[in-house]
Protein chains: 2
Amino acid sequence: MKLSEFELDVMQLLWQHEPCTAAQLHERLSQSKKVAYTTVKTIVDRLEQKGAVARAGQQGKSIIYRSCVDQSTLSDQATPGFMQRFFGGDSRSLIAHFIKQEELNEDDIAYLQSLLKDKKQAK
Amino acid sequence: MKLSEFELDVMQLLWQHEPCTAAQLHERLSQSKKVAYTTVKTIVDRLEQKGAVARAGQQGKSIIYRSCVDQSTLSDQATPGFMQRFFGGDSRSLIAHFIKQEELNEDDIAYLQSLLKDKKQAK
DNA sequence: ACCTATCTACTACATTTGTAGAAATGAAAA
DNA sequence: TTTTCATTTCTACAAATGTAGTAGATAGGT
């Protein structure tokens with residue numbers, strides 16, 4: 001399933017607060033971006049057509065939506081293309097990039113170290 | 001600078017074999033995808049308009065192109081959006097995802113471990 | 001039962017993207 | 001020098017994307 005950036009932004013919000021209505025999604029989105037309610041509703045409609053969300057009931061006249069795909073499914077699909085296009089397919093430099101750029105607390109670091117250790121063991 | 005997927009595919013090839021002509025890019029691309037020469041040339045033209053590549057000379061009637069932006073600049077720009085949209089902004093789970101999914105040899109693992117160690121030290 | 005505010009459904013439109021043909025051009029061959 | 005063939009330029013077009021207005025329906029208040 002291929003979703004656009006805006007569609008993913010909406011999915012992100014839905015994953016975090018599902019189930020919810022288009023109005024609620026609009027409200028959350030408005031916190032980071034000026035956008036009309038109908039715009040958000042259009043995106044939700046497209047997500048429904050694509051099968052990424054579905055109706056899960058009503059609340060007054062409002063439709064309650066839930067997601068039909070989960071984040072990890074979509075990120076699994078998107079990951080290889082991203083790695084290829086931005087890091088020439090070199091996973092090591094991609095991971096290195098993120099380790100260097102991102103904020104990580106000691107817990108995070110310990111967790112990632114343990115993952116690497118497992119990875120090494122598994123050889 | 002915002003580039004499309006296809007544009008990035010071409011940039012990727014250019015970065016790897018620069019400087020080169022549109023015909024050479026077309027030839028490389030053809031190895032992974034059936035596409036007309038003029039299609040590739042159109043993409044190169046658009047990249048030129050966007051300022052991502054520039055003419056670096058001629059070879060007979062062919063124009064030689066070089067890149068004007070580098071991979072790391074573009075990946076720096078693309079990274080936050082990707083992380084937000086596919087991992088809800090959680091860098092730890094993104095890095096974990098890649099460590100788990102990707103092939104890494106012992107060297108890679110050692111290198112990444114040292115990066116994590118540095119990161120910890122820097123605190 | 002009626003009004004009204006709100007929500008949905010439908011339509012619209014500019015821009016970007018993927019895709020490629022047609023026409024013009026110019027370097028190289030004959 | 002004339003022809004030819006690769007290249008460039010220009011044009012085109014459908015689909016996807018971001019963006020939103022309008023009209024129609026309806027739940028809830030009075």
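Naming: A, B, ... by sequence-line order, numbering from 1 per chain.
For the pair A/V35 and B/T38, both in contact range of DNA chain D, the more 5′-proximal nearest nucleotide belongs to B/T38. In terms of position along DNA chain D, the nucleotide closest to A/K2 lies nearer the 5' end than the nucleotide closest to the other residue of the pair A/K2 and A/A36.
Evaluation of atom-type donor-acceptor distances gives a pair under 3.5 Å for the side chain of B/R46 against the base of C/dT19. One cannot find a donor-acceptor pair under 3.5 Å joining the base of C/dG18 and the side-chain atoms of B/T39. Taking 3.5 Å as the limit, the base of D/dA6 and the side chain of B/S62 contain no donor-acceptor pair of atoms between them.
The separation between B/I64 atom CD1 and D/dA6 atom P is 19 Å, rounded to whole Å. Atom pair B/L8:CG and C/dT16:C1' shows a separation of 14 Å (rounding to whole Å applied). Rounded to whole Å, atom P of D/dT9 lies 8 Å from atom CD of B/E48. The distance between atom CD of A/E27 and atom P of C/dT6, rounded to the nearest whole Å, is 13 Å. Distance A/L3 CG to D/dA16 C1': 12 Å, rounded to the nearest Å. Residue B/H26 contributes atom NE2, which lies 12 Å from atom C1' of C/dT19 at whole-angstrom precision. Counting to the nearest Å, the C1' atom of C/dT16 and the CE atom of B/M1 are 16 Å from each other. What separates CG of B/L25 from P of D/dA6 is a distance of 19 Å, to the nearest Å.
Of the side-chain N and O atoms in B/S4, one or more sit less than 4.0 angstrom from OP1 or OP2 of C/dG18. Of the side-chain N and O atoms in A/K41, none sit less than 4.0 angstrom from OP1 or OP2 of D/dG21.
Checked by atom type and distance alone, the side chain of B/H26 pairs as donor or acceptor with a backbone atom of B/V35 at under 3.5 Å.
Considering only heavy atoms from C-beta on, B/E18 comes within 4.5 Å of B/W15 through its side chain. Contact annotation: the side chain of B/V44 never approaches that of B/E48 to less than 4.5 Å [non-hydrogen atoms, C-beta and beyond]. Residues B/V69 and B/M1 have side chains in contact (heavy-atom distance under 4.5 Å, counting atoms from C-beta outward). B/Q12 has its side chain within reach of B/Q71: a pair of non-hydrogen atoms, C-beta onward, lies under 4.5 Å apart.
In this structure, of C/dT19, D/dT17, C/dA9, it is C/dT19 that holds the atom nearest to the side chain of B/T42. The side chain of B/F6 lies closest to C/dT19, out of D/dT19, C/dT19, D/dA20. For B/K33, counting side-chain heavy atoms from C-beta on, the closest listed nucleotide (C/dG21, D/dT22, C/dT19) is C/dT19.
With sequence neighbours excluded, the residues forming a salt bridge (charged side-chain N to carboxylate O under 4.0 Å, His left out) with A/K50 are A/E7, listed by chain and number.
Cation-pi geometry between B/R55 and B/Y65 is not met: the NZ or CZ atom fails to fall both under 6.0 Å from the ring centre and inside 45° of the normal.
Within the nucleic acid shown, B/K50 comes within 4.0 Å of sugar-phosphate atoms alone, with no base atom in reach, counting heavy atoms only. The residue B/T21 sits apart from the nucleic acid: no heavy atom pair falls under 4.0 Å.
Linking ILVMFWY side-chain heavy atoms closer than 4.5 Å, directly or via other members, places A/I64 and A/V40 in two distinct hydrophobic clusters.
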With the criterion being N/O to N/O and under 3.5 Å, what pairs connect the protein with nucleotides 25-30 of chain C, and how long is each?
none

